[in-house]
Number of protein chains: 2
Amino acid sequence: MHTATEHDPAARIRAAGLKVTAPRLAVLEVLSGHGHLDAETVFERVRGELPTTSLQAVYGVLAALSGAGLLRRIEPAGSPALYESRIGDNHHHLVCTKCHTVADVDCVVGEPPCLEPSDAGGFSIHTAEVTFWGLCADCRSVPAA
Amino acid sequence: MHTATEHDPAARIRAAGLKVTAPRLAVLEVLSGHGHLDAETVFERVRGELPTTSLQAVYGVLAALSGAGLLRRIEPAGSPALYESRIGDNHHHLVCTKCHTVADVDCVVGEPPCLEPSDAGGFSIHTAEVTFWGLCADCRSVPAA
DNA sequence: CGAGTTGTTTTGAATGACTCAAATCAACGG
DNA sequence: CCGTTGATTTGAGTCATTCAAAACAACTCG
């Protein structure tokens, strides 16, 4: 029913035509949760268990894995690029205008492009990216501080 | 019926509580069309008629005017910040994945936030930003060049 | 309408996030 | 286990943008 590819990080990397290396496994591990992390943060966490890893290696790994579709990269205005492991569904994001925290929102519509523009102006659209901007619960409870 | 504010750039700047200066008028003039221009391009065009203007001044003007709501700033992933004069309607954008050209799309829904997330996760949303990604007509007609 | 106050612009430097390139090194196919 | 090819390290460079101090110019008020 399930192939090993679905759960085993090494198999997923290999299936993407990439070599399986310690930094790549470490990056996938760091991003296996539900966070939205920037390259610097991934680097710090990877360093914890793989101290010889360089920041450039992390940039390379993030580019390779997101290029291969194993990670998703988002770039909200005002934040550095963020990476997440939730892929394959075309979900969207909530960004706090004050603290820049990012949360996921399920896409109510479905398959990408989950929305169609009224007039595509000659473009052939393949994705609709939706970013909701607002105040997160924490920032709302601290009005002027 | 109409106040002068609606059409006169100087009046609009003043109404926003800002001082009316030559660089500000020049930036508004440069952006009065329907383009999506980055700071560097605005700077080059402003220089044409106001040669003493510095790039930093342009950054300052763009920040002041977009902060005041007289310009809209967008930041598509992979492009520098772009500025446009179409404001007040919550329209969206089409971005070419190849050449990064940007086109406007009318919002089919209406007032911002034109979309509501299914679960706002504690956020109080005020805007939904939609970016459609695809190939523009020009890039589509040049498949592999 | 002329001086002051305050906000703007100039000039110059610095920063953050990321990319490029050469050399070393390691994964995997044979 | 060796070689090829792709990854990582090391080190430098780039781009877009911001910061800061000093010079300057709009608008306010007398």
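Every chain is numbered from 1, with letters handed out A, B, ... down the list of sequences.
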Listed nucleotide nearest any side-chain atom of [X], set [options]:
X       : options               : answer
A:Val20 : D:dA16, C:dC28, D:dT9 : C:dC28
A:Ser54 : D:dT17, D:dT9, C:dC18 : D:dT9
B:Gln56 : D:dT8, D:dT9, C:dA13  : C:dA13
B:Tyr59 : C:dA17, D:dT17, D:dT8 : D:dT17
A:Lys19 : C:dC18, D:dA16, D:dA7 : D:dA7

Distance, nearest 0.5 Å, that separates CG of A:Asn90 from SG of A:Cys107: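 Answer rounded to 0.5 Å: 5.0 Å.
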
Nearest-Å distance for atom pair [atom1]/[atom2], residues [X] and [N]:
X        : N      : atom1 : atom2 : value
B:Leu62  : D:dT18 : CG    : P     : 10 Å
B:Glu75  : C:dG16 : CD    : P     : 17 Å
A:His100 : C:dA17 : NE2   : P     : 12 Å
A:Glu40  : C:dT15 : CD    : P     : 15 Å
A:Leu25  : D:dT8  : CG    : C1'   : 14 Å
A:Arg73  : C:dT19 : CZ    : C1'   : 11 Å
A:Leu55  : D:dT10 : CG    : C1'   : 12 Å
A:Phe43  : C:dG16 : CZ    : P     : 15 Å

What nucleic acid atoms does [X] come within less than 4.0 Å of, heavy atoms only: base, sugar-phosphate, or nothing?
X       : result
B:Thr21 : sugar-phosphate
B:Leu18 : sugar-phosphate
B:Ala81 : sugar-phosphate

A:Arg140 side-chain N/O to B:Gly122 backbone N/O, donor-acceptor pair under 3.5 Å: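 Side chain of A:Arg140 to backbone of B:Gly122, a donor-acceptor pair under 3.5 Å: yes, one is there.
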
Polar side-chain atom of A:Asp106 near backbone of A:Val108 as donor-acceptor pair, under 3.5 Å: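 Pair absent, no side-chain N/O of A:Asp106 close to backbone of A:Val108.
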
Evaluation steps, side-chain hydrogen bond (donor to acceptor under 3.5 Å, both in side chains), between B:His93 and B:Asp104: CA-CA 5 Å; B:His93 295 101; B:Asp104 289 337; 3.2 Å; yes

Output field: ring centroids B:His34/B:His36 closer than 6.0 Å: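 No, ring centres 6.0 Å or more apart.
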
First of B:Ala22 and A:Ala57 reached from the 5' end of DNA chain D, by closest nucleotide: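 Nearest-nucleotide comparison on DNA chain D picks A:Ala57.
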
